[in-house]
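Beneath this line is the structure, given in structure tokens, with notes to follow.
Letters go in sequence order (proteins before strands), and every chain restarts at 1.
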Amino acid sequence: MSEEKKPLNFIEHIIEEDLKDGLDANDLRFRFPPEPNGYLHIGHTKAIGISFGLGEKYKAPVNLRFDDTNPAKEEQEYVDAIKEDISWLGYKWAEERYSSDYFQQLYDWAIVLIKDGKAYVDSQSSEAMAEQKGTPTQPGVNGPHRSRSVEENLELFERMKNGEFNEGAHILRAKIDMQHPNMLMRDPLIYRILKKHHHRTGNDWCIYPMYDWTHGESDYIEHISHSLCSLEFKPHRELYDWFLDQVVDTDKLRPKQREFARLNLSYTIMSKRKLLKLVEEGVVSGWDDPRMPTISGLRRRGYTPTSIKKFVETVGVAKRENSIDVSLLEFCIREDLNKSAPRVMAVLNPLKLVITNYDADKEEWLEAENNQEDESAGFRKVPFSNEIYIEKEDFKEEASDNFFRLKLGGEVRLKNAYIIKAESVVKDANGEITEVHCTYTEDTTKKVKGTLHWVSIQHSVTAEVREYDRLFNDEAPDSHQDKDFMEFINPESLKIIEAFVEPSLADAEIGQQFQFQRLGYFNVDKASKSGVLVFNKTVGLKDSWAKQKPKTETNQQKPQQKRLPIELIKQYGKKYDRLPDDKREEAKKDIQELAKHIAYDDLEPLFNTSVKKSGTRIITMISLGVLLANGVVKNEAINAFIAKALEDKNKLLVEEASAL
RNA sequence: UGGCCUAUGGUGUAACUGGCAACACGUCGGUUUUUGGUACCGAAGAGUCUAGGUUCGAGCCCUAGUAGGCCAACCA
């Protein structure tokens with residue numbers, strides 16, 4: 001076994017370390033803990049891929065645990081959808097669990113906490129408690145109920161549980177430290193009163209545990225070794241550990257929370273709340289609209305589990321904020337479908353073509369290869385006749401040599417058929433071409449540059465084709481503090497086309513995937529019925545021809561993170577003295593421009609730059625020159641800096657210094 | 001007036017206890033091709049946010065700064 005070592009991500013490093021430190025590999029166990037309050041999206045796929053992926057790698061069990069502690073937002077519909085999506089991705093969970101399974105245990109532990117003087121009942125308004133909590137920059141203060149006796153706390157908590165109070169009247173909170181620098185440690189809530197029906201426990205409870213109290217203890221109950229979540233839970237880790245400290249038996253496995261950066265995809269949003277808004281406001285047809293970044297949307301669009309897993313794998317796992325280009329997702333689906341999708345011919349934007357030397361009443365069934373990437377895919381027959389459709393874009397009356405398609409007097413190959421030559425065109429009153437007249441030859445061995453797809457008109461089947469574009473026009477629609485994400489909705493994200501497809505597609509079944517040759521990958525939508533074909537365009541083929549033409553679509557500039565001029569100048573310093581002459585000249589001009597926007601106080605610290613970093617000293621000198629020219633008066637520090645530079649070995653530095 | 005996290009080509013991730021910054025996508029060029037697809041070959045592109053320090057040697061360790069993110073829900 002030649003094990004090419006795949007580099008480990010930081011979580012795998014942690015696990016390897018734990019294993020080395022004596023953790024039994026059999027004790028490895030993970031969990032994926034969705035809240036059933038919405039559909040899973042591509043962002044969740046990363047979390048799923050991490051935990052289930054680790055399970056596969058270490059042959060460890062992975063639980064699916066629904067974090068269902070808030071009956072106000074959670075529903076069975078979401079539980080079902082989540083299970084379907086995870087299964088569809090091809091993952092198998094060891095056990096299906098619910099946080100609500102542990103409500104009794106959590107309650108019992110809460111009693112222990114109260115008895116230990118580690119928790120108390122507070123009876124103030126949420127506003128009053130928020131007030132006492134302080135702010136991130138200001139410590140909190142103790143509230144009036146903090147010193148209630150254990151007996152009183154026990155009694156009140158019991159009565160909370162029995163439903164004797166209204167929602168909001170009391171809460172149970174941990175007694176930690178109201179001055180703690182971590183806000184989450186300032187006596188966090190453990191239980192609140194919620195007189196709501198729960199999708200699993202019905203009306204058994206009218207108090208419900210909070211996330212922090214529930215999550216770590218649930219991990220402990222399930223013997224989870226590594227509890228992986230996204231970065232925003234980092235501050236919760238301290239509390240996670242505190243709660244664990246209160247109940248953990250030291251010879252039992254203690255779960256560990258570790259955090260990774262969540263996935264962000266360009267031109268889309270990942271917030272469940274915002275996705276729900278798109279659904280509710282009818283911007284999309286539902287959670288599974290093919291434009292949605294949900295797993296169900298991607299599935300309906302034609303994405304495969306393989307492609308999504310590959311995507312998550314390539315994206316990697318780390319701790320820094322990221323934004324992944326959709327083109328990577330598209331690459332992954334093309335790569336997968338290229339190997340498996342049968343090729344067929346379909347014309348989306350038809351132009352009639354008449355072959356004048358082919359008998360009008362003749363038809364031939366020609367052999368066509370289903371997939372040249374897959375020998376086992378075999379062949380099929382496609383009908384040919386004297387009248388066919390080709391794409392409008394595939395014909396021009398005249399065009400330059402790099403237009404490989406059909407032009408008057410030019411020859412082109414018809415895929416799976418003959419070579420034709422365009423002889424003349426027929427136009428309507430507006431000058432629009434309505435027909436192209438061609439002649440054909442049966443000699444198919446000739447070399448011609450272009451190959452076109454086509455469909456015999458009399459044999460063609462009509463189909464509805466839904467072409468999608470990105471749902472938002474902005475790269476990061478929900479990142480603007482002054483604008484709502486709804487303002488960026490792309491009004492042209494869905495285009496419905498009447499297309500003509502080859503007859504072999506007539507009985508294509510829902511979910512089947514094809515490559516429409518030269519166009520892209522398409523699948524049969526669930527709206528398809530016998531006799532009424534509906535296709536979704538999953539993704540187009542890579543099109544290096546379209547790129548050559550001046551695109552009307554303005555290439556959106558990446559909003560480069562703005563850096564301060566002084567920082568940019570410093571960066572030049574790193575390599576300035578090593579640049580070739582011409583580039584150095586450019587750099588110098590750039591520096592001089594940038595230097596107009598810096599203050600003397602920004603520059604002065606650089607005077608102390610060590611002798612060996614001459615590049616930095618030179619750029620400092622150049623900038624200084626600009627400042628002096630703009631009226632900064634020479635002081636002692638400046639004079640010393642220049643004097644020292646004049647003695648330097650570096651010619652460039654001396655040159656710049658003597659100029660001052 | 002705080003705490004925590006992060007900083008490596010355009011994007012995303014690597015670089016095992018410090019040792020010539022690598023891979024994928026994207027970009028550009030070429031070969032093959034009955035898909036301007038695929039496959040294959042090649043190229044450009046970062047000297048690792050800045051400064052200082054430790055070291056023979058720093059992307060990695062230390063210090064300070066800068067930038068970005070997270071933290072004040074009876075949400076998860």
| task | Compare every heavy atom of Asp478(A) with every heavy atom of Met270(A), then report the nearest pair and how far apart it is. | result | N-OD2, 4.5 Å
| message | For rG37(B), does the base pair up with any side-chain atom of Glu335(A) as donor and acceptor (N or O, under 3.5 Å, distance only)? | response | no
| field | Between rU34(B) (C1') and Trp454(A) (CH2): distance, integer Å | value | 12 Å
| query | How close or far is atom C1' of rC5(B) from atom CD1 of Ile11(A), stated in whole angstroms? | reply | 15 Å
| Base-contact (B) and sugar-phosphate-only (S) positions in nucleotides 69-76 of chain B, heavy-atom cut-off under 4.0 Å, - elsewhere | SSBB-BSB
| C1' spacing across the pair rC4(B) / rA39(B), given as an integer number of angstrom | 49 Å
| message | What is the distance, to the nearest angstrom, from the CG atom on Leu329(A) to the P atom on rC25(B)? | response | 15 Å
| Heavy atoms, side chains only, cut-off 4.5 Å: are Met183(A) and Pro136(A) in contact? | yes
| Under 4.0 Å between a side-chain N/O of Ser266(A) and OP1 or OP2 of rU11(B), yes or no? | no
| request: Determine the interatomic distance between C1' on rC61(B) and the same-named atom on rG19(B); round to the nearest Å. | output: 15 Å
| query | At under 4.0 Å between heavy atoms, what does Val448(A) touch on the DNA or RNA strands: base, sugar-phosphate, or nothing? | reply | nothing
| query | Is there a donor N/O on one and an acceptor N/O on the other, under 3.5 Å, for the side chain of Arg405(A) and the base of rG36(B)? | reply | yes
| query | If the C1' atom of rG9(B) is compared with that of rC25(B), how far apart are they to the nearest Å? | reply | 13 Å
| remark: Closest to the side chain of Lys319(A), out of rU38(B), rU6(B), rA14(B), is rU6(B)
| task | Tell me which nucleotide among rU35(B), rG36(B), rU38(B) gets nearest to the side chain of Phe403(A). | result | rG36(B)
| rA7(B) versus rU11(B) - spacing of their C1' atoms, nearest Å | 15 Å
| query | If the C1' atom of rA51(B) is compared with that of rA58(B), how far apart are they to the nearest Å? | reply | 15 Å
| task | Decide if the gap between the ring center of Trp545(A) and the ring center of Phe404(A) is smaller than 6.0 angstrom. | result | no
| said: Taking any heavy-atom pair under 4.0 Å as a contact, classify Arg186(A): base, sugar-phosphate, or nothing. | reply: nothing
| message | Could you tell me how far apart Phe311(A) (CZ) and rU13(B) (C1') are, to the nearest whole angstrom? | response | 13 Å
| Which part of the nucleic acid, if any, lies within contact of Asn37(A), taking any heavy atom under 4.0 Å across all strands shown: a base, the sugar-phosphate backbone alone, or nothing? | nothing
| request: Would you classify Ile324(A) as touching base, sugar-phosphate or nothing, given that sugar-phosphate means primed atoms plus P, OP1 and OP2, and contacts are heavy atoms under 4.0 Å? | output: sugar-phosphate
| remark: Sorted by chain and number, sequence neighbours left out, side-chain contact (heavy atoms from CB on, under 4.5 Å) with Lys234(A) holds for Arg237(A), Glu259(A)
| said: For Tyr191(A) and Phe157(A), I'd like to know if the aromatic rings sit close, meaning centre-to-centre distance below 6.0 Å. | reply: yes
| request: Using the six-membered ring of Phe260(A), assess whether NZ or CZ of Lys319(A) lies under 6.0 Å from its centre and within 45 degrees of the ring axis. | output: no
| query | With a non-hydrogen cut-off below 4.0 angstrom, is Phe404(A) in contact with a base, only sugar-phosphate, or nothing? | reply | base
| field | Span that lies between the C1' atom of rU6(B) and that of rU38(B), in whole angstrom | value | 39 Å
| field | Short side-chain donor-acceptor distance under 3.5 Å, Tyr267(A) and Glu475(A) | value | no
| Can you tell which of rG37(B), rU6(B), rU1(B) lies closest to the side chain of Lys542(A)? | rG37(B)
| remark: Taking for Lys415(A) and for Asn322(A) the nucleotide of RNA chain B with the nearest heavy atom, the one nearer the 5' end belongs to Asn322(A)
| query | Roughly, in whole Å, what's the span from CG in Leu337(A) to C1' in rU35(B)? | reply | 15 Å
| field | base_contact_polar (rU34(B) base, Gln372(A) side chain, donor-acceptor, <3.5 Å) | value | no
| Would you say Thr268(A) and Arg470(A) make side-chain contact, with heavy atoms under 4.5 Å? | no
| Separation between the P atoms of rC49(B) and rC60(B), rounded to whole Å | 8 Å
| said: Using the C1' atom as the point on both nucleotides, what is the distance between rA24(B) and rA14(B), in whole Å? | reply: 11 Å
| field | Contact summary for Asn182(A) and Pro235(A), nearest pair of heavy atoms | value | ND2-O, 3.0 Å
| note | Symbol by symbol from the 5' end, with Watson-Crick or G-U pairs under 3.5 Å, [ ] crossing and | another strand, RNA chain B is .((((((..((((.....[..)))).(((((.......))))).....(((((..]....))))))))))).....
| Can a side chain N or O of Arg237(A) be found less than 4.0 Å away from OP1 or OP2 on rC4(B)? | no
| task | Indicate, with a heavy-atom threshold strictly under 4.0 Å, whether Ser323(A) touches base, sugar-phosphate, or nothing. | result | sugar-phosphate
| field | Atom pair distance, as rounded to whole Å: NZ in Lys396(A) and C1' in rG36(B) | value | 13 Å
| query | Hey, are the side chains of Arg146(A) and Met178(A) touching, using non-hydrogen atoms and a 4.5 Å cut-off? | reply | yes
| Interatomic distance where OH belongs to Tyr240(A) and C1' belongs to rC4(B) [whole Å] | 19 Å
| query | Over how many whole Å does the gap from His453(A) atom NE2 to rU33(B) atom C1' extend? | reply | 18 Å
| query | Taking atom types as modelled, is there a side-chain donor on Gln257(A) or His236(A) under 3.5 Å from an acceptor on the other? | reply | no
| field | Minimum-distance nucleotide to Lys447(A) side chain [options: rG36(B), rU34(B), rA24(B)] | value | rU34(B)
| field | Options rG26(B), rU6(B), rG36(B), nucleotide nearest the side-chain atoms of Ser327(A) | value | rG26(B)
| Taking the six-membered ring of Phe403(A) as reference, does the NZ or CZ atom of Lys396(A) fall below 6.0 Å from its centre and within a 45° cone about the axis? | yes
| request: Identify whether the glycosidic angle of rG47(B) places it syn (within 90° of 0) or anti. | output: syn
| Of Phe516(A) and Gly316(A), whose closest RNA chain B nucleotide lies nearer the 5' terminus? | Gly316(A)
| field | SB check Lys446(A) Glu411(A) (cutoff 4.0 Å) | value | yes
